[in-house]
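In what follows, a single structure is set out as structure tokens and then discussed.
Not measured: the values here are computed from a predicted model. In what follows, chains carry the letters A, B, and so on, assigned in the order in which the sequence lines appear, proteins first and then strands, with residues in each chain numbered from 1.
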Amino acid sequence: MDIIHTLALETMQKNKQALIFAPSRASAEKTAEEISKLTHMNYPEFEETVLKAASTPTKQCKRLSQCIKKGIAFHHAGLLQKQKDLIEDEFKSGKVKIICCTPTLAAGMSLPAFRVIIKSLKRYSGKWGMDWIPVLEYMQMAGRAGRPEYEAFGEAITVAKNDAERDEIYERYVCGEPEEIYSKLAVEPVLRTYVLSLISSGIVRNEKSMKEFFAKTFWAHQFKDMAKLEGIMDKMLSLLEEWKFVSIDGSEGDFVSANDMNKSRTTRATRIGRRVSELYLDPLTAKYIIDCISEFNENKNTYSLLHMVSNTLEMRPLLRVKVKEHDMIQDELVKNYELLLQEEPSAFDLEYGEFCNSIKTTLFFDAWINEKDEDYCMETYGVRPGEIRMKLETADWLLYATEELGKILERKDVVKAVRSLRIRVKNGVKEELLLLLKLKNIGRVRARRMYSNGIKDLGDVKKADVTTLGQILGKNIALDVKKQVGEDIKEVPKRTRKGQLSIQKY
DNA sequence: GGACGGTGAAACTTCAGGTTGCCTC
DNA sequence: GAAGTTTCACCGTCC
């Protein structure tokens with residue numbers, strides 16, 4: 001039997017719990033599944049919570065439910081929040097004995113266990129193939145062992161393949177020093193955003209004060225080479241000016257030396273620049289969206305807009321095109337070429353792969369707004385439920401930003417198109433259901449049910465008979481919906497009366 | 001004799017995470 | 001680079 005399995009079983013025999021860190025999601029899931037087949041615990045009540053988290057249980061949901069009912073779980077970013085909550089809570093309560101996870105659980109949430117088992121300290125990294133993970137990360141994982149309130153100590157176990165690897169692990173991790181912490185400010189998107197926001201909020205009024213401000217940051221402290229740093233900021237500033245988010249006026253004040261002339265020119269955010277900053281958008285993305293807006297016309301549609309958001313930095317990491325999907329994506333690219341709002345890079349361009357990924361991401365969004373469910377998206381595009389939620393949220397935010405920029409640019413057509421698309425993205429519905437979604441408590445499922453029963457707009461809701469509506473939506477919702485269209489029907493359903501009685505009682 | 005099913009090795013794929021953005025009825 | 005997954009040839013069994 002696998003050493004990991006042995007360790008897991010042994011932990012449970014001691015009536016203790018363990019976290020097992022795996023280097024990939026597939027590995028976490030497989031390990032959990034294997035261990036779950038070796039245990040005899042039974043918590044049938046977890047099954048329902050796990051399966052009901054998504055509108056339709058996906059393969060992943062089913063797999064998790066099979067594991068967790070035996071007290072073993074897997075945990076990674078592809079899970080829905082509800083599922084992650086359940087796993088974390090029940091691990092704390094002691095019912096879930098083993099969690100096989102990716103580094104999700106290493107940082108953030110505090111979930112101590114008696115034993116931490118690290119399957120491998122190597123992980124795939126694009127350039128170098130398999131590579132050692134940072135010492136800092138090892139410490140994060142190992143540090144999950146030993147809960148101060150229950151245990152006097154904890155165990156962190158890593159598995160080595162052979163003696164040589166054992167020695168290397170000991171040297172590198174057990175005796176190793178954690179890496180230096182580096183400022184994230186130096187990343188261009190962050191820098192662009194900060195420069196604009198400093199100018200927009202008036203904290204910084206000219207180049208000189210901007211440089212003074214940055215000189216005090218941790219970034220400058222680490223970077224040391226102020227000349228190079230100023231060069232980067234000059235570049236940022238002229239970019240912001242070129243994109244018309246910032247305007248640079250003539251010199252300000254009389255008592256400046258000739259040398260400082262340029263540096264004292266007042267920098268101000270333009271109207272659109274201010275909005276970009278308020279939206280907390282990366283100026284590069286804002287510029288990109290503005291360019292796309294100007295390309296938008298009556299021949300473009302929701303697909304165009306979905307692709308626009310799919311092709312941003314914020315949407316990354318994108319859904320990856322798999323080997324078998326390559327032809328399909330190519331066909332799609334040719335088919336909908338006319339709808340795109342920006343030029344397709346050349347097939348030899350480095351960016352081309354990402355561009356294909358953006359097309360795949362668009363296809364997923366398109367499926368979603370055409371009422372395909374989580375299970376379909378996972379089977380067709382390989383997006384897991386947890387990622388679906390994250391992507392939809394990002395798309396909504398970017399579309400909101402597009403709407404706002406559209407307003408400033410006085411593009412009513414764009415604003416109108418984006419507004420309805422946002423509702424469709426949020427709810428995952430076709431356009432025909434939009435009218436019904438105006439009702440409270442009506443989402444994609446109920447709206448679809450109404451529509452297929454011939455109730456297609458608010459007028460139909462008014463015309464509809466309460467009993468029929470009740471059959472479609474349930475009595476309480478039906479009454480509520482009727483009320484929303486201005487018909488306050490007095491008939492009180494039995495359940496409500498009971499509720500009221502019990503309220504009076506207590 | 002042919003359909004089906006189980007087995008295992010070779011061939012092929014793919015590979016963690018998630019800041020905090022906005023507005024609102 | 002390695003684990004996980006899919007594919008495919010092979011063999012035995014059953015009808």
Side-chain angles (χ1 to χ4, degrees), chain A residues 2 4 21-34 59 63 74-79 81 84 100-109 118-134 136-138 140-141 159 161 165 183-185 187 189-190 192-194 196-197 275-283 285-286 289 309 312-326 353 357 382 384 386-407 415 418-419 422-423 425-426 437-442 484:
Chain A
D2 194 301
I4 302 275
F21 285 99
S24 71
R25 294 177 181 183
S27 167
E29 293 189 10
K30 194 169 163 255
T31 311
E33 192 170 52
E34 285 165 355
K59 212 196 276 171
R63 199 174 186 191
F74 57 82
H75 189 289
H76 55 62
L79 300 189
Q81 195 51 49
K84 289 195 263 186
C100 302
C101 57
T102 54
T104 9
L105 284 185
M109 241 261 172
I118 302 169
K119 264 192 99 172
S120 163
L121 286 163
K122 286 189 172 180
R123 195 184 301 137
Y124 177 79
S125 74
K127 286 177 191 168
W128 308 87
M130 289 307 251
D131 208 356
W132 294 106
I133 62 167
L136 212 54
E137 217 180 294
Y138 160 79
Q140 291 266 32
M141 295 193 283
V159 181
K161 281 187 197 61
E165 199 181 271
S183 169
K184 287 220 166 111
L185 188 58
V187 183
V190 180
R192 284 192 292 256
T193 311
Y194 271 102
L196 181 58
S197 93
R275 196 70 187 112
V276 168
S277 179
E278 282 166 5
L279 292 166
Y280 221 84
L281 265 183
D282 175 357
T285 300
I289 290 178
V309 295
T312 60
L313 245 38
E314 283 81 351
M315 196 57 78
R316 294 184 185 188
L318 300 172
L319 307 199
R320 300 224 340 246
V321 176
K322 294 177 186 161
V323 176
K324 279 181 188 164
E325 296 167 340
H326 231 273
N357 292 343
R384 295 163 188 259
E387 290 159 326
I388 292 180
R389 293 299 145 90
M390 278 199 289
K391 293 285 172 237
L392 293 177
E393 211 179 301
T394 310
D396 182 56
W397 167 49
L398 290 171
L399 287 171
Y400 173 74
T402 310
E403 194 181 324
E404 293 302 297
L405 294 174
K407 278 184 201 164
V415 174
V418 171
R419 211 171 263 171
R422 273 186 76 200
I423 305 172
V425 166
K426 257 190 186 158
L437 282 177
K438 291 191 173 146
L439 295 164
K440 233 169 68 183
N441 293 323
I442 301 297
Q484 289 182 55

Rounded distance in Å - NZ (A/Lys119) to P (B/dA16): 12 Å
Among the candidates C/dA3, B/dG17, B/dC22, find the nucleotide nearest to the side-chain atoms of A/His76. B/dG17
Looking only at atom C1', what distance separates C/dG1 and B/dT20, rounded to whole Å? 35 Å
Salt-bridge test for A/Arg123 and A/Glu137: reply yes if a basic N is under 4.0 Å from a carboxylate O, no otherwise. yes
A/Ser24 side-chain proximity, nearest of B/dA16, B/dT14, B/dG17: B/dA16
Among B/dC22, B/dG18, B/dG21, the one nearest any side-chain atom of A/Arg275 is B/dC22
Using atom CD of A/Glu278 as one end and atom C1' of B/dC22 as the other, report the distance to the nearest whole Å. 10 Å
Hey, which of these two, A/Arg320 or A/Glu314, hits DNA chain B nearer its 5' end, going by closest nucleotide? A/Arg320
When you get a sec, tell me which of B/dG21, C/dA3, B/dT13 is the closest nucleotide to the side chain of A/Tyr280? B/dG21
Whole Å only: how far is the CG atom of A/Asp396 from the C1' atom of B/dT20? 14 Å
If you check the A/Arg63 side chain, which of B/dG18, C/dT5, B/dA16 turns out closest? C/dT5
Look at A/Glu33 together with A/Lys30 and state whether they make a salt bridge at an N to O cut-off of under 4.0 Å. no
Watson-Crick or G-U wobble partner for B/dG8, using a 3.5 Å limit on both distances? C/dC8
Grab the CD1-C1' distance between A/Ile4 and C/dA3 for me, whole Å please. 13 Å
May I ask you to say what A/Lys161 touches in the nucleic acid, namely base, sugar-phosphate or nothing, with a heavy-atom cut-off under 4.0 Å? sugar-phosphate
Name the nucleic acid region contacted by A/Glu137, choosing base, sugar-phosphate or nothing; use a 4.0 angstrom heavy-atom cut-off, strictly under. base
For atom P, what is the distance between B/dA16 and C/dT5, given to the nearest Å? 12 Å
Residue A/Lys30, side-chain atoms from C-beta onward, closest of C/dT7, C/dT5, B/dA16: C/dT5
Whole angstroms only, please: what is the CD-P distance between A/Glu29 and C/dT5? 8 Å
Hey, is A/Tyr124 stacking on B/dC15? Ring centres under 5.5 Å, planes under 30°. yes
Contacts under 3.5 Å, N or O only, protein and nucleotides 9-11 of chain B:
none

Looking only at B/dG17, B/dG21, C/dG1, the nucleotide nearest the A/Met130 side chain is C/dG1
